[in-house]
Amino acid sequence: MSVAPAFLSGQFEQHFGGSATPALYRAPGRTNLIGEHTDYCLGFVLPIALELACYTAAAPAGDGLLRIYSANVGETREIPVEGILNAEPRRDWSDYVVGVAREIARLGYALRGRDLLIHSTVPAGAGLSSSAALEVSCALALLDGQPIQPLDLALLCQRAEREFVGMPCGIMDQYVSVFAQEGAAVKIDCRSLESAIVPLPAGLAILAVNSMVKHELSGSAYRDRVRECGEAVAALQTRYPEVKSLRDVTPAQLDAAAAAVPEVPYRRARHVTTENARVEAFEEASRRGDLKAMGELLVASHRSLQHDYEVSCEELDFLVDSALAVDGVIGARMTGGGFGGCTVNLVRPAAVDAFRAALTARYRERYGREPEFYECKPSRGAGKL
Ligand code: GLA
């Protein structure tokens, strides 16, 4: 699953020619186990980093240009380093890289001309955080060894996405891409920005299943959800003036203030507050090896995203319901932003083959296409190769 350094160097040389030996960087995508749409409400999330990752090969260029080549798209974007602060988004893949370069310059790091070759194995649009993997691997390539705190690296990439790409995302994807550790999940407290490594029980296969659809409304719906959570906070402040985000509210407090919160923001807030509680319960269940409780929490998370938060879609619901009908499946739910992309499934290792066969057959019969499967082995965070 990982890409060999020699292959990347070869690709770089083939594309850019020349004698420079490129430096190589890797940043992983992620699957979120639980804690969905809670990060921008400063709540808890529990993702794992994937072996699927974005690789960047980079070498200095003498002409003051950033020359960014995506081997996945087969396109190059060139931009002079000098004009980086005035760069305008182009609404394509290259904005993630230019946005990161702009943040690096804004923070006062040295930014020099470079040739960059990008090769990602994280499928785009699958909800596995191909964007954060791209941002983090390119940030490392552009910083070129200048010291940076890991948290500052994650925040820099998040800011690039929020301010240049225009996506008001939370911190989960960039954070886990930087901080992940092999073999374990990372529980992130998105308010304190501290994290804990959470061991996962043995006897557990984690599979992401790609619905192969990405519905158009995902970007605008994400913004709507961020806004609706803000409306819930404003309404709750009339009862609880100390509340700054939905993280500060318990499900019981929300219940007690139900009359003060309009219907839609109330349901959004009910998802976020109960989801935060589910992350804590899932962490405890994982630490004591309670697979049954972990599975039930995943399903409860999915139902909450489906009915209260309304970010699932027909295909994801179908994949979850089909998974739950297979013997040996411990739990399943949508993962990532929603409206398509992937589900995450906890499966007993002996049942993995039957699980794949059953979902492939059912999905093909219903939607005329085959889902893709990714075995998720928790991998390490970003770094130089
Ligand atoms: C996207 C965002 C994350 C997070 C998830 C939903 O992946 O980038 O910050 O909000 O959606 O949990």
Side-chain angles (χ1 to χ4, degrees), residues 27-50 52 54 95-96 99-100 122-136 154-180 185-191 193 195 208 210-211 214-215 217-230 245-247 268-269 271-276 278-279 282 298 301-302 304-306 308-313 316 333-344 376:
R30 60 105 187 90
T31 301
N32 190 18
L33 296 179
I34 196 161
E36 212 65 85
H37 285 278
T38 49
D39 60 353
Y40 50 82
C41 298
L42 309 188
F44 296 113
V45 295
L46 191 76
I48 56 175
L50 302 178
L52 300 169
C54 181
D95 288 347
Y96 297 95
V100 160
V122 191
L128 299 179
S129 189
S130 59
S131 322
L134 174 60
E135 291 155 7
V136 174
L155 288 168
L156 174 167
C157 292
Q158 183 201 19
R159 237 174 3 252
E161 185 154 344
R162 292 177 68 99
E163 288 173 25
F164 196 71
V165 179
M167 183 66 191
C169 63
I171 189 65
M172 166 168 66
D173 304 348
Q174 294 83 2
Y175 194 110
V176 67
S177 188
V178 171
F179 282 92
V186 188
K187 180 191 177 203
I188 308 167
D189 177 335
C190 300
R191 184 170 63 188
L193 297 177
S195 56
N210 191 347
S211 66
K214 185 78 203 169
H215 294 296
L217 73 184
S218 56
S220 61
Y222 192 93
R223 288 185 190 86
D224 290 344
R225 296 300 175 277
V226 174
R227 180 176 44 74
E228 289 157 356
C229 289
S245 71
L246 288 179
R247 163 61 184 281
R268 306 306 187 231
H271 166 71
V272 174
T273 53
T274 57
E275 184 78 351
N276 279 331
R278 280 188 288 272
V279 177
F282 189 95
L298 287 198
S301 168
H302 185 77
S304 177
L305 289 156
Q306 181 180 3
D308 270 352
Y309 218 65
E310 297 178 288
V311 291
S312 186
C313 64
L316 290 172
R333 65 173 204 89
M334 57 157 276
T335 185
F339 298 102
C342 286
T343 61
V344 60
C376 306

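Atoms within a ligand are numbered from 1 in the order they appear, just like the ligands themselves. Any value given below was found using the heavy atoms of this structure, including those in side chains, with hydrogens, waters and symmetry copies removed.
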Undergrad: Among all the protein's non-hydrogen atoms, which is closest to atom 5 (C) of ligand 1, and how far away is it?
TA: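 Heavy-atom neighbour on the protein nearest atom 5 (C) of ligand 1: Met172 CE, 3.8 Å.
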Undergrad: Are any side-chain N or O atoms of Asn32 and backbone N or O atoms of Gly336, one a donor and one an acceptor, separated by less than 3.5 Å?
TA: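 The answer is no, because no donor-acceptor pair under 3.5 Å joins these two groups.
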Undergrad: For atom 12 (O) of ligand 1, which protein heavy atom lies nearest, and how many Å away is it?
TA: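 Its nearest protein heavy-atom neighbour is Glu36 OE2, 2.6 Å.
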Undergrad: To the nearest 0.1 Å, how far is atom 3 (C) of ligand 1 from its closest protein heavy atom, and which atom is that?
TA: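 Here the closest protein heavy atom is Asp39 OD2, 3.3 Å.
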Undergrad: Okay, side chain of Arg333, backbone of Thr343: is any donor-acceptor separation there less than 3.5 Å?
TA: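 No: the side chain of Arg333 does not pair with the backbone of Thr343.
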Undergrad: With respect to His37, determine whether any N or O atom, backbone or side chain, lies less than 3.5 Å from an N or O atom of ligand 1.
TA: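 His37 vs ligand 1: N/O contact under 3.5 Å present.
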Undergrad: Got a donor-acceptor contact below 3.5 angstrom from the Tyr222 side chain to the Met167 backbone?
TA: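 Absent.
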Undergrad: Which heavy atom of the protein is the closest neighbour of atom 10 (O) of ligand 1, given with residue, atom name and distance?
TA: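 Nearest protein contact, heavy atoms only, for atom 10 (O) of ligand 1 is Tyr222 OH, 2.5 Å.
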Undergrad: Side chain, backbone, both or neither: which part of Arg30 comes within less than 4.0 Å of ligand 1 when only heavy atoms are counted?
TA: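 Side chain only.
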Undergrad: Below 4.5 Å, heavy atoms only, C-beta onward: do Ile48 and Cys376 meet side chain to side chain?
TA: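 Ile48 vs Cys376: side chains touch.
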Undergrad: Could you tell me whether a side-chain N or O of Arg225 sits under 3.5 Å from a main-chain N or O of Glu310, the two making a donor and an acceptor?
TA: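 Checked: pair present.
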Undergrad: Which distance, rounded to the nearest 0.5 Å, do you find between the OG1 of Thr335 and the CG of Leu305?
TA: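 Reported to 0.5 Å precision, the distance equals 9.5 Å.
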Undergrad: Please list, in number order, the atoms of ligand 1 under 4.0 Å from a heavy atom of Gly170.
TA: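 Contacts of ligand 1 toward Gly170, numbered from 1: 9 (O).
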Undergrad: Quick test: of every protein heavy atom, which one is nearest to atom 8 (O) of ligand 1, and how far off is it to 0.1 Å?
TA: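 Its nearest protein heavy-atom neighbour is Asp173 OD2, 2.8 Å.
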Undergrad: Rounded to the nearest 0.5 Å, what's the gap from CD on Glu275 to OG on Ser301? Could you check?
TA: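 Answer for the CD-OG pair, Glu275 versus Ser301, is 3.5 Å.
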Undergrad: Looking only at heavy atoms, what is the nearest atom pair of Val100 and Cys157, with distance?
TA: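 Smallest interatomic distance, heavy atoms only, reads CG2-SG, 4.3 Å.
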Undergrad: What atoms in ligand 1 come closer than 4.0 Å to a heavy atom of Gly337?
TA: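 Taking each heavy atom of Gly337 in turn, ligand 1 has 11 (O) under 4.0 Å.
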Undergrad: Could you say whether the N/O atoms of Ile171 and ligand 1 ever approach to under 3.5 Å?
TA: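 Such a contact does not occur with ligand 1.
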Undergrad: Number the atoms of ligand 1 from 1 as they appear, then name those within less than 4.0 Å of a heavy atom of Tyr40, with their elements.
TA: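 Every atom of ligand 1 under 4.0 Å from some heavy atom of Tyr40: 10 (O).
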